[in-house]
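Below, chains carry the letters A, B, ... as their sequence lines are ordered, and counting in each starts from 1.
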2 protein chains.
Amino acid sequence: MAGVRDGLSKKAYVRAGELARAAGVSTDTLRHYERKGVLGAPRRSANGYREYPPEALARVLLVRRALAFGFTLEELARVLRTRERGGAPCREVRALAAGKLEEVESRLRELRVLRGELRAILGEWDERLAGTAGGGRAGLLESLTESRVSSGRHGNVRAPLRRGRKRNGRRGTDDEKD
Amino acid sequence: MAGVRDGLSKKAYVRAGELARAAGVSTDTLRHYERKGVLGAPRRSANGYREYPPEALARVLLVRRALAFGFTLEELARVLRTRERGGAPCREVRALAAGKLEEVESRLRELRVLRGELRAILGEWDERLAGTAGGGRAGLLESLTESRVSSGRHGNVRAPLRRGRKRNGRRGTDDEKD
DNA sequence: CTTGACCCCGGAACCGGTTCGGAACTTTAT
DNA sequence: ATAAAGTTCCGAACCGGTTCCGGGGTCAAG
């Protein structure tokens, strides 16, 4: 375990591996966070190893938590940087979080609709399959196209919630009238 | 509506652009579908242009619909290919859809939790901000780390519902005891 | 001295669906 | 004829967070 424990203070500088373990991430991830500006480059020991101060752990955990809340590393970097310079990005953070909440709610609506459609279609299929033993062949897929539901692209299910980029929009029949 | 004007039959072969417009996708997407094996390479005209048969539209719409239901192009390709060869992938399709439903429900649970946490944190922040006018500075972010909730990575919000890869896992402190 | 556990680094791969960049071609207007 | 639109073609880029690759150090134990 090689706990640094140098007799001095309770907690001293730790190396990448230890911090990573403590935070539940990989050292690769730590490097990535540093590169993205959410962690801050730690000092280096004589041999070039990173030596993180005890506070780093809290920072990493904070980042993890914020990520779980839907923040992106980029947003986080911006906010943290502002704060590091004495700024008070509180309102911005609040706004950001509010945006996340909206996204989540929107997504919830979409998924609820999707769930309903899935249940309906499954029910229908089971009914049909009951009558078509063995090598079915009843066009299950086909019935998708007919499903009476809105068909309003509820967002590609897995759509990263951060949907919609179309910076230039070349062709693609913009049928987005929402 | 620029219908095919070759006088022959009611509907004749159409080119990429027309099919794309009709299906509400881009020609790029059509190409992609072809490459992924869900569309099937159409014949080519003398100049190398794709010429899709009328049925292609239904196919594309089917794909769109299936995508909206959470199927991936890869799954779709597999199924469609099977079918194309006389197979009856019905049970498989049903199983797939059932899987989607489970994913959606799981995701719904996660998002509901997340929504709750977001609301809570927002409420808390607003309270705090009310008392800290102007240049706030109350550590909003910090309170994230303390939020009493499970903290059980509800899935990175935007996590594509198709979470989790870790083929080899080098380091990374596998703390996934979910 | 070898083994093995850590550490360093830049850059590519991954996922999945879509879009971009830009060359090449066809049709329409001048 | 020729420029200006409009289409089509294709491979490669994109998103975002993480992991992988792979070649090179550092250090303590055996």
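- A/Arg43 forms a cation-pi arrangement with A/Tyr13, by the criterion of a distance under 6.0 Å to the ring centre and an angle within 45° of the ring axis.
- Remark: A/Tyr33 is not in phosphate contact with D/dG17, judged by side-chain N or O atoms under 4.0 Å from OP1 or OP2.
- Distance, B/Leu76 CG to C/dT18 P: 11 Å, rounded to whole Å.
- Applying the 4.0 Å criterion to OP1 and OP2 of D/dT19, one finds that A/Ser26 has a side-chain N or O inside that range.
- A donor-acceptor contact shorter than 3.5 Å is absent between the side chain of B/Thr29 and the backbone of B/Val25.
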Would you list the protein and nucleotides 11-13 of chain D atom pairs, both N or O, that sit under 3.5 Å from each other?
residue : atom : partner : partner atom : Å
D/dG11  : N7   : B/Arg31 : NH2          : 3.0
D/dG11  : O6   : B/Arg31 : NH2          : 2.9

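- Residues from residues 44-52 of chain A that place a heavy atom under 4.0 Å from any atom of DNA chain C, listed by number: A/Arg44, A/Gly48, A/Tyr49, A/Arg50.
- One finds no salt bridge joining B/Arg115 and A/Glu103 here, because no Lys/Arg side-chain nitrogen approaches an Asp/Glu carboxylate oxygen to under 4.0 Å.
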**Study point:** Verdict with supporting geometry, A/Glu117 and A/Arg112, salt bridge (charged side-chain N to carboxylate O under 4.0 Å, His left out)
**Key:** CA-CA 9 Å; A/Glu117 298 189 29; A/Arg112 268 194 293 267; over 6 Å; no
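- Here the nucleotide nearest the side chain of B/Ala16, chosen from D/dT18, D/dC9, C/dC7, is D/dC9.
- Between B/Arg15 and the phosphate of C/dC25, there is no side-chain N or O to OP1/OP2 separation shorter than 4.0 Å.
- Proximity of B/Lys100 to B/Glu75: side-chain heavy atoms (C-beta onward) are separated by under 4.5 Å at one or more points.
- Counting to the nearest Å, the P atom of D/dG17 and the NZ atom of A/Lys36 are 8 Å from each other.
- Across the protein-nucleic acid pair, A/Glu18 atom CD and C/dA5 atom C1' stand 14 Å apart, rounded to whole Å.
- Rounded to whole Å, the distance from CD on B/Glu74 to P on C/dG17 is 9 Å.
- Taking atom NE2 of residue A/His32 and atom P of nucleotide D/dT19, one finds them 10 Å apart after rounding to whole Å.
- The backbone N or O of A/Arg59 sits nowhere less than 3.5 Å from a side-chain atom of A/Arg64 that would complete a donor-acceptor pair.
- Among the candidates A/Val93, A/Val38, A/Leu39, the single residue satisfying the side-chain contact (heavy atoms from CB on, under 4.5 Å) test with A/Leu76 is A/Val38.
- Atom CZ of B/Phe69 is separated from atom P of C/dG16 by 20 Å (rounded to the nearest Å).
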Practice item. Could you go through the side chain to side chain contact (heavy atoms under 4.5 Å, CB included) check for A/Arg31 and A/Lys36 one step at a time? Key: CA-CA 9 Å; A/Arg31 265 191 350 119; A/Lys36 287 298 184 181; over 6 Å; no
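- The side chain of A/Thr29 contributes an N or O atom lying less than 4.0 Å from OP1 or OP2 of D/dT19.
- Between the CZ atom of B/Arg78 and the C1' atom of C/dG16 there is a distance of 15 Å, rounded to whole Å.
- Distance B/Glu75 CD to C/dC15 C1': 13 Å, rounded to the nearest Å.
- A/Ser26 and A/Asp28 share no donor-acceptor pair across their side chains, judged by distance under 3.5 Å alone.
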